[in-house]
Student: 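Provided herewith is a single structure, encoded as structure tokens, for subsequent inquiry.
One-based numbering along the sequence shown.
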Amino acid sequence: MDNLKPVAVITGGGRGMGAAIARELHGRGYRLVLMSPSDSSEKLAAELDGKGLRGSTASLADLEALVSLAKSSFGRIDAVVNNTAHPPTGELLEIDDSLWDAGNQSMLLSVQRMAKLVTPLMLEQGGGAFLNITTLATFEPDANYPISCAYRAAVAAYTKMYSDKYGPRNIRMNALLPGYIDSMAHPAEAAEPIPLRRIGTVAEIAKTAAFLLSDDAGYITGQNLRVDGGLTRHM
């Protein structure tokens, strides 16, 4: 009956939030195909009876290989989690063009490329769901992270445009906007301005991601959901 289980593809799936999402989805019966720049995704995939490979979200060839691996291994893709690390930072007007180009490739074009690669398969299947992991600063930009903020905001716009286009075909796309999460080191004072007065956990991100990919969220699409303990202020 394994061929009836849903299949999830996760980029950045070897560590941190990506790994937590992989474990949560595995616990809910998903078969997994993971990719990350190191061998961490391969090791985790082996542990979870899935498939893994090394690759970069900035590489079209690597994304093609990821999708090909999922299709050849399981014959379908029901869920895609687009997750990638934060890019380098620097002073706004001093960042080299090459870093902007790299950020575009890894954060924005990767979402577009995965959509182009997977949408035809989801159309054949009769539906599916995408989830883009971005940041709490998507709508409240922080000049300390200019490349990330600029391209994460672009992903938010892309998420809405895609959901408008493919919602009628039963394919959903949402974005999850994490706040301060325990997969990264944060000073104790970072929790002070957060209404819940604590750092979030990767487990909380993973459970929210699993919900957004599930049929329980079947009427949710085109949304950018903040999971930040109430830190950001826009309504």
Side-chain angles (χ1 to χ4, degrees), residues 4-13 16-33 70 76-84 107-108 110-140 151-181 195-196 200-235:
L4 298 180
K5 292 182 178 180
V7 177
V9 172
I10 305 175
T11 64
M17 288 184 286
I21 292 169
R23 292 184 184 281
E24 181 68 26
L25 292 180
H26 174 72
R28 299 188 184 209
Y30 282 79
R31 294 171 289 172
L32 301 172
V33 184
R76 62 184 298 116
I77 298 174
D78 300 277
V80 172
V81 178
N82 290 308
N83 177 46
T84 188
M107 290 186 292
L108 178 58
S110 62
V111 173
Q112 159 73 350
R113 288 166 170 169
M114 285 297 284
K116 289 179 69 175
L117 290 167
V118 178
T119 298
L121 183 58
M122 288 185 173
L123 290 173
E124 291 178 9
Q125 296 167 183
F130 291 84
L131 183 63
N132 305 319
I133 310 298
T134 59
T135 173
L136 82 167
T138 295
F139 299 118
E140 296 185 14
Y151 288 122
R152 305 296 194 192
V155 170
Y158 186 92
T159 296
K160 180 56 181 168
M161 292 186 291
Y162 182 94
S163 66
D164 288 347
K165 178 73 174 178
Y166 290 98
R169 305 296 296 275
N170 196 36
I171 304 176
R172 300 182 297 109
M173 180 180 283
N174 291 293
L176 191 157
L177 285 56
Y180 291 106
I181 304 300
L196 291 182
T201 69
V202 292
E204 290 171 316
I205 295 298
K207 290 181 184 299
T208 305
F211 165 70
L212 289 172
L213 293 169
S214 74
D215 290 341
D216 289 340
Y219 202 52
I220 301 175
T221 193
Q223 303 304 306
N224 289 271
L225 179 64
R226 291 169 289 161
V227 186
D228 64 358
L231 178 59
T232 50
R233 305 302 302 168
H234 71 279
M235 300 179 66

Student: Does N170 use its side chain to pair, donor to acceptor, with the backbone of G126 at less than 3.5 Å?
Tutor: yes

Student: Is there a donor-acceptor pair closer than 3.5 Å between any side-chain N or O of T138 and the backbone N or O of A153?
Tutor: no

Student: Has N132 got a side-chain atom pairing as donor or acceptor with T159's backbone, closer than 3.5 angstrom?
Tutor: no

Student: Sequence neighbours left out, what pairs pass side chain to side chain donor-acceptor pair (under 3.5 Å) with at least one residue falling in residues 114-130?
Tutor: T119-Y162

Student: Is the backbone N or O of L177 less than 3.5 Å from a side-chain atom of T135, with the two atoms forming a donor-acceptor pair by type?
Tutor: no

Student: Using 0.5 Å steps for rounding, measure from the CG atom of D228 to the CG atom of L196.
Tutor: 9.0 Å

Student: What is the minimum heavy-atom distance between N174 and Q223, and which atoms define it?
Tutor: OD1-N, 2.9 Å

Student: Checking side chain to side chain contact (heavy atoms under 4.5 Å, CB included) against M114, which of I77, V81, V80 comes through?
Tutor: V80

Student: What closest approach, in Å, do I133 and P178 show between heavy atoms, and which atom pair accounts for it?
Tutor: CG2-CG, 3.9 Å

Student: Could you grab the distance from atom CD of E140 to atom CZ of R233, nearest 0.5 Å is fine?
Tutor: 8.5 Å

Student: Can you find a pair of side-chain heavy atoms, one from I181 and one from V227, that are under 4.5 Å apart?
Tutor: no

Student: Between K160 and G222, what is the shortest heavy-atom contact and its length?
Tutor: CD-O, 3.9 Å

Student: Could you tell me which non-hydrogen atom of P6 sits nearest to which non-hydrogen atom of D78, and how far apart they are?
Tutor: CA-OD2, 3.2 Å

Student: With a 4.5 Å heavy-atom cut-off, do R226 and L136 have their side chains touching?
Tutor: no

Student: Taking all non-hydrogen atoms of both residues into account, name the closest pair between M107 and V111 and its distance.
Tutor: O-CG2, 3.4 Å

Student: To the nearest 0.5 Å, tell me how far F130 CZ sits from T221 OG1.
Tutor: 10.5 Å

Student: Could you walk me through whether M122 and Y166 pass the side-chain contact (heavy atoms from CB on, under 4.5 Å) test, one step at a time?
Tutor: CA-CA 10 Å; M122 288 185 173; Y166 290 98; over 6 Å; no

Student: Distance from I10 atom CD1 to M17 atom CE, nearest 0.5 Å?
Tutor: 12.5 Å

Student: Atom CD of E24 and atom OG1 of T208: how far apart are they, to the nearest 0.5 Å?
Tutor: 9.5 Å

Student: Within this structure, what is the NZ-OG distance for the pair K207 and S214, rounded to the nearest 0.5 Å?
Tutor: 12.5 Å

Student: Identify the heavy atoms of F139 and A156 that sit nearest to each other, and give their distance.
Tutor: CZ-CB, 3.6 Å

Student: Where the side chain of R76 meets the backbone of V7, is there a donor-acceptor pair that is under 3.5 Å apart?
Tutor: no

Student: Looking at side-chain heavy atoms only, is the closest gap between L212 and L176 below 4.5 Å?
Tutor: yes

